[in-house]
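Working notes for the structure below.
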Amino acid sequence: MIEAVIFDLDGVITDTAEYHFRSWKRLAEDEGIPFSRADNEKLRGVSRRESLRLMLAGQEISEDQAEEWMARKNSYYQEMITDLTQDDLLPGVTSLLAELRGKNIKVGIASASRNAPAVIARLGIEALLDGCADGNSIERQKPAPDLFLYAARMLDVPPSRCLVVEDAASGIQAAKASGMVTVGIGPVERVGEADEVLPDLEGIHVSDLLRAANWRVAEAEFRPDCQHHQETILTQGNGYLGTRGSFEERFPNDRQATFIHGMWDDVPIVFTELVNAPDWTSLEIRINGQRFSMDREKVEDYARVLDLKKGILRRRLRWEPSDGRQFELTFERFPSLEDPHVMALRVQVHALEGDASVEMRASLDGHVENEGRLHWEFVTQQSSSENTHLVVKARSTQKLLAIATCLSVNGVKASMERRDCPGNPGVSIQAKLNSGERITVDKFVSIYTSRDTEDPLEAAQSKVHEAATSGYESLRAAHEAAWGEFWSRSDVIIEGDNEAQLAIRHALYQLRIAASQEDERVSIGAKTLSGFGYRGHVFWDNEIFVIPFFTYTNPELARNMLMYRWHTINGARSKAADNGFGGAQYAWESAETGEEVTPRWLPDWNDPTSLIRIWTGDIQIHISADIAYAIWQYWQVTGDDEFMRNFGVPIILETAVFWGDRAEHEGDHYVIRQVIGPDEYHTHVDNNAYTNGMVRWHLTKAIELREWLQRTSPAEVKELDQRLAITPTQLDLWRDIAAKLKFCMDPATGLIEQFDGFFQQPEVDWEKYAGRTESMQSLLGIEGANAHQVLKQADVIMLLCLLRDQFDSKTWKANWDYYHTRTDHEYGSSLSPAIHAWAACELGQPEVAYEHFMRAARADLQDIRGNAGHGIHAASAGGLWQALVFGFAGLRLTDGGFEINPQLPSHWKRLAFPFYLHGERQEVDVRP
Ligand code: G6P
Ligand code: MG
């Protein structure tokens with residue numbers, strides 16, 4: 001959210017950049033120095049003295065001469081500006097300033113020019129400004145951040161909420177260093193580093209400027225009471241691991257964590273969880289003996305920004321211990337997307353005011369926990385400047401993890417010595433900084449586990465040395481390039497709505513960092529790798545909400561996740577067998593083996609002394625059909641016959657065998673009793689519409705796919721039939737169930753009953769609950785909600801979305817009208833709003849869709865459910881993409897290709913995205 005726009009003056013507001021050039025040019029001519037317009041590009045935005053130095057290009061003159069030359073240039077310049085009037089404002093400036101005023105966004109000027117106040121007075125724009133910082137305001141000029149920080153303080157707006165408009169490379173650099181958003185005015189060669197580049201301000205509106213902030217999640221001030229939320233939304237990762245956005249030096253009560261895919265360890269009640277790995281970011285700073293912490297001494301000009309485009313997290317602040325000294329601290333880090341075993345962290349301490357003795361202790365902290373549970377045994381460790389490492393072992397699963405680090409120090413002379421602590425090996429760096437000096441420490445880290453290789457320590461050590469040899473900048477460049485590649489395949493552009501734009505990018509960023517590119521034995525948990533919530537367990541969230549995004553944009557990642565279901569099918573087989581069925585029944589919550597890991601009992605959050613029976617693991621069985629659906633969708637979109645033949649069809653048939661056993665014959669139809677559908681407020685229901693609808697679909701597809709396989713690879717069918725004991729009788733049974741499975745739809749109205757008896761349940765008096773701040777389940781109680789017509793989330797509507805072409809518009813409308821008003825949109829499931837957004841589009845109601853869409857968009861970024869601290873709402877994130885693509889754009893695959901049926905909310909100006917159909921890139925670009 002941008003609260004202030006800070007404009008550079010010369011070359012942005014008015015064309016005095018030209019006057020500066022002509023003044024220097026005249027001086028150069030006086031003195032016979034060659035000086036061209038091209039030479040002048042470097043002088044833009046820099047101070048008078050620095051400009052002179054650049055103009056001299058190495059030629060030496062005395063200090064007296066320099067003073068006289070600068071004065072002469074200035075007198076030429078002042079001569080030129082005497083004629084300035086309002087007419088010299090550059091096109092677009094006046095209206096832009098007025099629009100900013102109208103939107104209550106503060107406006108400042110930050111110019112290195114000491115003549116700035118005079119220029120502003122002549123232009124007559126004082127009344128439109130809230131403040132002006134000029135060359136007299138500070139000492140260190142651009143590209144140092146000081147001038148912009150000064151302006152921000154003057155405007156009383158935190159740096160990360162300021163947007164800078166600049167025409168000079170030095171100015172862009174300065175604004176970036178201060179954590180501000182940047183808009184460059186001019187050619188890309190000059191201002192290409194800016195977040196957004198515009199040729200000039202003509203015709204530019206505030207919203208065009210604000211677009212520059214659409215790639216970043218920024219924290220304006222650090223609030224300990226919000227730290228868990230911030231840690232979640234600032235999570236970084238690379239598909240191998242995820243690291244929450246906690247501070248390197250830590251903070252009391254933080255929820256620091258790094259989760260690595262597949263690193264499970266046993267735990268009571270919830271069976272298994274992803275273990276919090278040793279902290280690779282760990283780094284403590286002491287300046288003049290005082291330990292730096294966000295709650296000690298004075299922290300000023302704080303900004304923390306996650307750059308979604310490049311996958312980099314930055315923090316910048318000024319630390320002022322009470323003795324009057326000042327230090328600028330900057331932190332930058334990333335787990336490489338290019339090489340998932342590489343992590344890099346750069347820390348800089350800059351002595352702004354006063355000398356300093358600096359000590360930094362960079363370590364690998366194995367003293368980590370999973371909310372109080374300890375999983376690691378320490379195996380070996382070593383601390384030395386060349387070789388610091390730690391090997392740990394998970395207590396029950398015995399999985400090994402090796403982490404190694406290597407440091408590089410630049411800027412000043414420093415000494416390094418080992419600082420070994422049990423479970424926390426490290427190295428201490430010590431250096432003396434004179435006032436104005438800066439020390440840069442690069443920490444390279446590598447992690448391997450026994451899941452990756454035979455000898456994780458050897459691998460981590462050699463990788464970390466390789467990383468250190470490449471160097472920080474080159475690793476960062478490779479990492480940024482990998483992100484560029486991802487975005488070019490995956491970005492969704494929304495114009496006319498900056499909040500929605502940022503939200504979808506953040507969602508896609510979060511999904512990408514959770515998706516393994518190397519490992520098909522893992523999948524994405526309900527909270528990705530970003531929090532302790534649900535312990536890393538994998539739910540239907542993945543197949544129905546998350547995978548579609550990958551299927552359409554990065555199918556090889558989708559394939560990995562679908563393969564996870566293949567590798568865990570033994571767990572599903574034993575679950576079916578334990579329940580007395582044949583075939584494969586997938587676990588509601590799945591982890592390493594595919595066995596059921598849903599907790600059976602959990603403490604009641606209202607009364608922790610009593611326990612609540614969790615039934616989902618026993619009877620929320622629709623997941624087996626959901627997996628079939630994701631496989632089939634993947635095949636439709638990618639045409640990956642090889643996957644379908646070898647893994648897809650076997651999974652779909654083996655789960656079909658389970659359905660054949662699970663459905664019961666009763667009279668002239670079949671029933672599926674005692675289940676939980678997507679709407680978990682209702683448990684132990686019979687003939688849930690979603691479940692039965694999906695089972696019907698599943699069995700139909702199973703038959704079709706078996707026929708397809710018979711046509712294309714008869715040998716394989718034979719083998720499958722044998723292995724799964726599929727006989728003609730079995731196939732007839734599937735056909736019979738698909739035809740006669742109970743599905744209560746009123747043929748006259750199209751209204752579908754969510755389960756047997758739902759319509760008999762009492763209604764909720766919704767008016768009584770207007771303005772509530774809790775879920776309907778917590779207001780009515782578990783039994784109460786179970787007994788009323790109130791839904792936690794889309795259930796019938798969910799089915800309509802997934803099988804949308806099976807239902808006509810009358811059916812859509814009847815069910816939407818009925819269920820939409822009976823659903824707990826605000827406090828029910830976070831899976832629901834995005835689906836309602838999609839559904840509302842199917843009904844031609846884009847404005848209603850938008851309301852639901854934003855509810856999903858705010859689940860993480862705004863923490864509107866208050867639980868983002870537990871981790872990213874992965875399903876909501878994946879649902880956002882589906883709402884945009886299937887809902888607002890109305891994308892549907894057809895026999896020969898695809899069609900769209902766009903319906904944008906009235907304020908959207910554009911919706912555009914690519915996707916890949918059978919490997920070929922397609923672009924959708926919709927404007928109203
Ligand atoms: C601005 C201009 C520069 C100029 C500097 C100092 O940043 O872009 O071209 O050199 O201010 O201006 P002054 O008027 O103080 O010499
Ligand atoms: Mg300028």
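Order of appearance sets the numbers: ligands from 1, and atoms from 1 within every ligand.
- None of the N, O or S atoms belonging to E166 lies under 2.8 Å away from the Mg ion (ligand 2).
- Among N74, I33, D30, the single residue meeting the side-chain contact (heavy atoms from CB on, under 4.5 Å) criterion with W69 is I33.
- E437 places a side-chain N or O within donor-acceptor distance of the main-chain N or O of N434, the cut-off being under 3.5 Å.
- Listed by chain and number, residues touching ligand 1 at under 4.0 Å (heavy atoms only) are D10, H20, L43, G45, V46, R48, S51, K73, A112, S113, R114, N115.
- Salt bridge status for R44 with D167: present, with a side-chain N to carboxylate O gap under 4.0 Å.
- At the Mg ion (ligand 2), the angle from O in D10 to OD2 in D8 is 90° when rounded to 10°.
- Using a 4.5 Å heavy-atom threshold, the side chains of L43 and H20 count as separate.
- In this structure, F334 has its ring center under 6.0 Å from that of Y472.
- Relative orientation of the F21 and F35 rings is tilted, given thresholds of 30° and 60° on the angle between their planes.
- When each of L129, V93, L201 is tested with F7 by the rule side-chain contact (heavy atoms from CB on, under 4.5 Å), just one qualifies, namely L201.
- Closest to the Mg ion (ligand 2) among the N, O or S atoms of D167 is OD1.
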